[in-house]
Amino acid sequence: MHSNENSTASHAEAIEEPQFRYNADMAQLIEEKWQKTWEGQGTFWAANVGGDLVDGAGKHADKRDPYFVIDMFPYPSGKGLHVGHPLGYIATDVVSRYHRMKGENVLHAMGYDAFGLPAEQYAVQTGQHPRITTEQNIANMRRQLHRMGLSFDDRRSFATIDPGYVRWTQWIFSRIYDSWYDPEFKREDGGVGSARPISELIEAFSTGSKQIPGHDHESWEALSAAEQSEVLNDFRLAYISKSPVNWCPGLGTVLANEEVTAEGRSERGNFPVFQRELKQWSMRITAYGHRLINDLDELDWPEKVKLMQRNWIGESHGASVHFSVETADGEKDMEVYTTRPDTLFGTTFAVVSPEHRLLDAIPEQWPADIPESWKGGYANPREAVKEYRRASESKTAKDRVDEAGEKTGLFTGLYATNPITGAKLPVFTADYVLMGYGTGAIMAVPGGDQRDYDFAVKYGLPVIYTVKPLEGAEEKLESYEGTAPFVSHDGIVINSSVEHTKVLGDALSLDGLRVDAAIAKVTQWLEEAKVGTGKTSYRLRDWLFSRQRYWGEPFPVVYDEEGLPHLIPDDQLPVNLPEVPDYSPKTYDPNNADSNPEAPLSRNDDWVEVTLDLGDGPRKYHRDTNTMPNWAGSCWYYMRYIDPADQQHMVESNEFDYWLGPQHNDTAGTSGGVDLYVGGVEHAVLHLLYSRFWHKVLYDLGFVSSKEPFHKLFNQGMIQAYAYTDERGQYVPAAEVEEKDGGFIYEGEKVNREFGKMGKSLKNIITPDDMYDTYGADTFRLYEMSMGPLAESRPWNTRNVIGGMRFLQRLWRNVIDEGSGELVVSDDVPDEKTLKLLNNTIHDVTEEMEAMRPNTAISKLIVLNNHLTSLPSVPRSVVEPLILMLAPVAPHISEELWAKLGHEDSLAHADWPRYDEQYLGQDTVTAVVQVKGKIRGKLEVSPDIDPKELETLALALPAVQERLGGKPPRKVIVKAPRIVSVVPGV
RNA sequence: GCCCCCGUGGCGAAAUGGUAGACGCUGCGGACUUAAAAUCCGCCGCCGCAAGGCAUGUGGGUUCGAUUCCCACCGGGGGCACCA
């Protein structure tokens with residue numbers, strides 16, 4: 001780029017360039033001119049069905065096909081954009097412009113995801129309110145994007161921090177809070193299970209048609225307000241959880257599982273994360289686990305992303321089994337979850353997680369005759385468990401992972417009874433069993449599970465094998481005994497029969513069955529004996545939804561003097577953020593696991609303590625001081641583009657049906673949703689999962705008509721960059737590094753090349769503004785679209801940009817005389833060869849655009865343009881379609897040439913060129929003649945040559961005759977007109 | 001450890017069972033020019049004077065024919081990770 005800047009600038013002065021040459025200065029003039037024109041004419045305004053939002057011509061949508069295409073909206077950071085950021089934005093813009101030319105009503109807009117920690121930290125540093133800095137950043141980003149010529153409908157832009165948007169985010173929270181999940185409800189779409197208003201549940205409790213959990217024989221009206229609130233909390237889709245959560249002292253907030261890395265650190269900031277029992281808002285996303293997996297089938301998404309979601313949700317099928325346990329407080333029930341109920345005869349002990357409630361009722365003394373290793377050196381079980389709990393609480397997830405394999409645990413003094421065999425099983429506690437998965441308790445089967453086996457070996461517990469490898473398999477059970485568990489499903493059940501079961505007293509045998517059959521049989525027995533049931537479990541946890549931060553949406557919730565939660569009525573929304581003396585989160589030493597979260601919103605007493613009339617007269621309340629996570633705003637923004645100014649609805653249903661409904665457009669299939677959604681793969685399980693969850697709740701409650709938010713998803717690749725380090729490992733400015741003899745030189749010294757991201761600290765940033773100055777926006781867009789397949793990551797290479805510039809210059813010269821500025825196209829009828837090339841190009845480019853392959857589309861446009869350059873004069877009837885096909889990628893120069901050719905209207909809505917069938921295909925094709933797969937000759941033949949004739953011609957070739965050696969060929973394969981493949985005789 | 005994706009010239013890449021390297025960058029040669037830039041024309045996978053041979057990470061397989069399909073391995077990237 002360095003050398004180029006020099007050449008363009010200095011030569012412009014030294015030599016007079018032709019006055020009307022397409023260069024960077026000319027490009028900038030043209031681009032600014034057309035951007036103003038588009039803005040003035042509302043060229044990219046999308047038309048709604050009704051209301052104020054009409055298109056540039058003042059019309060409503062009428063019968064036009066809608067096409068809804070958006071990017072994952074950006075977080076407006078203060079750093080501005082580099083050339084890696086807009087790849088996806090340019091791609092969706094090309095698609096938008098193409099669809100507009102196909103006559104569709106295209107909704108293409110851009111909003112800003114503007115709540116979040118970076119803005120808050122920046123505010124703390126600068127002493128400015130985050131709203132001020134955020135809005136500055138948005139303005140700067142808007143300018144940078146605008147300069148790129150992106151065809152947004154600016155009337156539909158908004159930011160998640162706008163009070164008019166926050167209001168509806170809070171409104172959605174209220175709807176989720178005020179609903180529960182009924183797993184038996186039969187939905188209209190044929191599925192089972194649905195969110196329903198909480199009022200229906202209260203009704204069911206009141207009439208007695210549904211039992212009140214924990215209050216079997218009481219009436220709903222007899223319960224206290226606090227008891228009712230607690231019962232409902234266990235059903236609400238947004239609820240107050242009292243379970244272990246991820247507490248991050250370094251950030252001063254709790255985090256969702258999705259925000260914690262495998263090392264047990266915060267994704268942002270990389271601080272340790274601890275498991276703490278804290279009261280926090282949660283969303284019951286697990287209720288939707290099955291639907292979130294199932295409905296992936298009807299989405300046009302990359303398989304990779306679908307797979308990541310399936311793995312993250314982690315559905316597994318098995319059974320829950322009840323064991324009775326003799327405790328200090330009498331007989332108690334211990335429910336375990338297993339995917340292998342067929343191994344019930346092989347369970348030799350049980351393990352509960354350190355947080356398990358059973359541990360509240362353990363005996364005071366160790367039983368007699370137990371091994372010392374079970375006691376861990378403690379005098380009694382209560383002390384042992386207390387200490388073990390404390391130790392595991394202070395462990396980070398990282399510690400747990402590091403110690404994976406090295407099992408620790410202690411005996412609890414409790415014994416459980418196997419419901420089938422009646423065997424007494426010692427109950428241990430160990431942190432390899434997680435409270436958050438299944439029931440937090442397992443029946444350990446050391447003969448069939450590696451972890452249980454490791455534990456059994458360490459504590460001297462018996463191992464029973466209940467499955468042996470299938471007959472004929474090479475491995476025999478003997479090779480496992482004493483060394484390893486047999487974990488495979490492929491086997492025959494053994495050692496699994498009893499004359500009289502403990503619970504029913506009947507005979508039960510699984511011996512000789514295949515594992516799958518045994519699972520079915522024992523599950524049926526468990527259900528008959530009422531000690532178990534088939535059950536599906538999910539790796540997915542409920543979504544921890546509150547954060548202790550300032551810069552986010554406040555919860556629309558207040559607590560009365562009893563501490564019971566109440567929603568703020570819809571007509572009193574939004575709840576706006578208060579001014580506080582200090583925005584910063586209360587952070588701690590990152591390793592201080594005993595610290596407690598403190599919300600910044602609690603620092604304004606006047607805001608927290610309020611008197612409100614929630615419908616039953618003025619009362620005193622205190623506000624919830626948490627804020628929602630960053631994901632809240634991005635969960636539903638796509639539908640707000642439909643009308644961000646709508647005061648009456650989150651989204652009006654007629655408009656929703658038109659733009660995003662299940663049958664709104666061929667491209668959206670039956671799922672409905674956005675026709676094309678482009679963004680990075682890094683959101684595969686965060687934003688995209690949360691968003692689908694909210695959408696499904698809103699669907700169940702009848703607010704939206706489509707089941708899914710995004711029908712087609714496309715992940716663009718990352719633009720990477722080279723960075724260079726000197727001998728001391730310091731980064732040197734990449735723009736000033738020269739390549740010499742395969743090495744890299746900076747200021748005469750050899751430097752090393754690295755490959756990775758673009759970043760300020762790597763000194764290899766190139767900004768869109770650099771590109772506009774040196775080449776113009778059209779060349780920049782052209783380069784980004786031509787550098788390779790959109791989905792692939794690849795290195796940025798400024799040196800290659802010039803190729804696109806040259807193409808545009810040649811096209812310009814084909815239309816305009818550089819010296820005089822006169823039009824040079826002719827009205828001559830093009831020759832046959834040109835017509836064939838034109839029509840084939842239209843055919844191919846259309847295909848490439850449909851498949852989102854702008855790189856190959858561009859190469860075909862270059863071929864056509866190069867052909868025109870070689871002609872004595874350029875026919876208008878050929879160059880016009882060429883310009884139209886280029887317009888989505890390089891819109892400004894295309895508009896300018898289109899106008900110079902005498903067209904008065906913008907080509908943004910001009911018809912996409914059509915090809916004429918009669919000029920498709922070639923006059924002659926090259927038929928390839930192969931002998932044993934090797935090319936031995938070529939023939940120029942007519943495309944519709946008779947296969948017999950082609951075969952005769954091919955066999956007559958001297959090179960073929962020579963290799964046949966006078967013998968007749970064994971076989972001849974003819975695929976006219978392309979290939980003749982000869983197999984010689986032996 | 002388990003799962004997924006990707007390996008093609010000096011570089012970005014085309015070709016998804018049928019002429020490997022379209023298009024672009026770089027490089028080389030030529031025209032124009034006093035000269036240079038820009039522009040235009042041509043060449044450009046490797047070995048070989050040539051005929052020809054070898055080439056899509058490596059090895060095998062299927063096929064008349066494999067960059068493309070199958071198996072194993074090597075290298076790079078990504079996801080998950082004590083999930084019972």
Side-chain angles (χ1 to χ4, degrees), chain A residues 7-8 10-11 14-15 17-18 21 23 262-263 302-305 307-312 314-316 318 336-340 343 351 397 400-401 403-407 430-434 436-445 448-452 454-455 537-541 681-682 684-685 739 742 782-783 786-789 791-804 806-807 809-810 813 818 853 855-863 866 869-870 925-935 937-938 969-975 978-984:
Chain A
S7 60
T8 319
S10 58
H11 293 300
I15 313 105
E17 231 181 316
R21 167 164 294 177
N23 56 23
E263 283 78 40
E303 276 308 315
K304 180 189 170 163
V305 176
L307 193 70
M308 281 167 74
Q309 291 216 347
R310 284 192 192 102
N311 288 341
W312 186 263
E315 188 172 72
S316 81
V336 305
Y337 175 72
T338 175
T339 56
R340 293 290 300 276
T343 61
V351 185
R400 283 195 161 197
V401 170
E403 290 161 15
E406 179 55 36
K407 301 282 175 290
D431 63 7
Y432 81 90
V433 173
L434 310 172
Y437 184 78
T439 60
I442 62 158
M443 52 175 236
V445 184
D449 183 280
Q450 187 66 52
R451 294 152 302 180
D452 298 345
D454 295 344
F455 196 87
S537 273
Y538 297 91
R539 205 193 78 100
L540 179 72
R541 307 291 159 70
V681 72
E682 66 272 16
V685 287
E739 188 170 357
L782 188 64
Y783 174 61
S786 66
M787 59 198 292
E792 230 100 310
S793 293
R794 76 221 74 150
W796 176 268
N797 198 339
T798 303
R799 199 168 64 177
N800 290 354
V801 178
I802 190 67
R806 286 182 190 146
F807 163 48
Q809 271 175 349
R810 272 197 300 273
R813 243 193 324 269
E818 288 187 335
R853 287 192 296 256
N855 55 326
T856 44
I858 290 165
S859 83
K860 289 177 162 96
L861 295 178
I862 294 175
V863 171
N866 287 349
T869 307
S870 72
V925 261
T926 310
V928 175
V929 183
Q930 300 178 336
V931 179
K932 276 168 79 178
K934 299 240 180 239
I935 294 153
K938 291 175 187 181
R970 189 155 59 95
K971 200 172 172 188
V972 181
I973 294 122
V974 183
K975 298 270 161 156
R978 290 261 167 229
I979 289 280
V980 180
S981 188
V982 182
V983 189

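Chain A is the first sequence line, chain B the second, and so forth, proteins listed ahead of strands; every chain is numbered from 1.
Taking for each of A:G440 and A:T926 the nucleotide of RNA chain B with the nearest heavy atom, the 5'-most of the two is the partner of A:T926. A residue-by-residue look at A:M308 and A:Q809 shows that A:Q809 has its nearest nucleotide of RNA chain B further toward the 5' end.
Residue A:T869 is classed as having no contact, given no heavy-atom separation below 4.0 Å to the nucleic acid. At a threshold of 4.0 angstrom between heavy atoms, the contacts of A:K860 with the nucleic acid are absent. Heavy atoms of A:L307 sit under 4.0 angstrom from primed sugar atoms or phosphate atoms, though from no base atom.
Close to B:C4, at under 4.0 Å from its OP1 or OP2, lies no side-chain N or O of A:R310. For B:A13, neither phosphate oxygen OP1 nor OP2 lies less than 4.0 angstrom from any side-chain nitrogen or oxygen of A:S859. For A:N855 and B:A14, the shortest distance from a side-chain N or O to OP1 or OP2 is below 4.0 Å. For the pair A:R539 and B:A81, the criterion of a side-chain N or O lying under 4.0 Å from OP1 or OP2 is met. Residue A:Y337 has no polar side-chain atom (N or O) positioned under 4.0 Å from OP1 or OP2 of B:A84.
For the P atoms, the distance linking B:U56 with B:C11 amounts to 16 Å, nearest Å. Distance noted for atom C1' between B:C5 and B:A37: 46 Å (whole Å). Comparing B:C70 with B:G7, their P atoms sit 14 Å apart, to the nearest whole Å. Nucleotides B:U62 and B:A13 have their P atoms positioned 34 Å apart, rounded to a whole Å. Taking the C1' atoms as reference points, B:U67 lies 15 Å from B:G45, given to the whole Å. A distance of about 13 Å separates the C1' atoms of B:C46 and B:G10, rounded to the whole Å. Here the separation of B:G48 from B:C40, taken at their P atoms, is 34 Å to the nearest Å. B:G75 and B:G42: their C1' atoms are spaced 39 Å apart (whole Å).
A syn orientation is assigned to B:G9, its glycosidic angle lying within 90° of 0.
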Tabulate atom names and distances for all N/O pairs under 3.5 angstrom spanning the protein and nucleotides 63-69 of chain B.
unit_1: B:C64; atom_1: OP1; unit_2: A:K971; atom_2: NZ; d: 3.1
unit_1: B:C64; atom_1: O2; unit_2: A:S981; atom_2: OG; d: 2.3

Show me the protein contacts with nucleotides 26-35 of chain B, counting only N or O atoms at under 3.5 Å.
unit_1: B:U26; atom_1: OP2; unit_2: A:R806; atom_2: NH1; d: 3.4

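Between the CG atom of A:N866 and the P atom of B:C23 there is a distance of 8 Å, rounded to whole Å. Distance CD (A:Q309) to C1' (B:C4): 15 Å, rounded to an integer number of Å. Between the NZ atom of A:K304 and the P atom of B:C4 there is a distance of 13 Å, rounded to whole Å. Rounded to whole Å, atom P of B:A15 lies 6 Å from atom CZ of A:R853. The interatomic distance linking A:E315 (CD) with B:A84 (P) rounds to 12 Å, in whole Å. B:G53 atom P lies 11 Å from atom CD1 of A:I935, rounded to whole Å. Atom CD in A:E792 sits roughly 7 Å away from atom C1' in B:C6 (whole-Å rounding). Atom-to-atom, CG of A:L782 to P of B:C25 comes out at 11 Å; the value is rounded to the nearest Å.
For the pair A:Q309 (side chain) and A:A684 (backbone), a donor-acceptor distance under 3.5 Å is present.
For A:R978, counting side-chain heavy atoms from C-beta on, the closest listed nucleotide (B:C40, B:G18, B:A84) is B:G18. Relative to the side chain of A:T338, the nucleotides B:U19, B:A84, B:A13 differ in distance, and B:A84 lies closest.
Annotation: cation-pi geometry not satisfied between A:K407 and A:F455 (NZ/CZ under 6.0 angstrom from ring centroid, within 45° of ring axis).
For A:P969 against A:V982, the heavy-atom pair with the smallest separation is CB-CG1, 3.9 Å. Here the closest non-hydrogen pair linking A:D452 and A:V445 is OD2-N, 2.8 Å. Taking every heavy atom of both residues into account, A:G438 and A:S537 meet most closely at CA-OG, 4.1 Å. Taking both residues in full, the closest heavy atoms of A:A444 and A:V351 are given as CB-CG2, 4.4 Å, listed atom of the first, atom of the second, then distance. When every heavy atom of A:M443 is checked against every heavy atom of A:T343, the shortest pair comes out as CE-OG1, 3.6 Å. Shortest non-hydrogen contact noted between A:P984 and A:K932 is CD-CG, 3.5 Å.
Donor-acceptor pairing under 3.5 Å, judged by distance alone, is present between the side chain of A:K407 and the base of B:C82.
Residues satisfying the side-chain hydrogen bond (donor to acceptor under 3.5 Å, both in side chains) test with A:Y337, not counting sequence neighbours, are A:S316.
Using cut-offs of 30° and 60° on the angle between ring planes, the pair A:Y783 and A:W796 is perpendicular.
Taking the centre of each ring, A:Y538 and A:W312 stay at or above the 6.0 Å mark.
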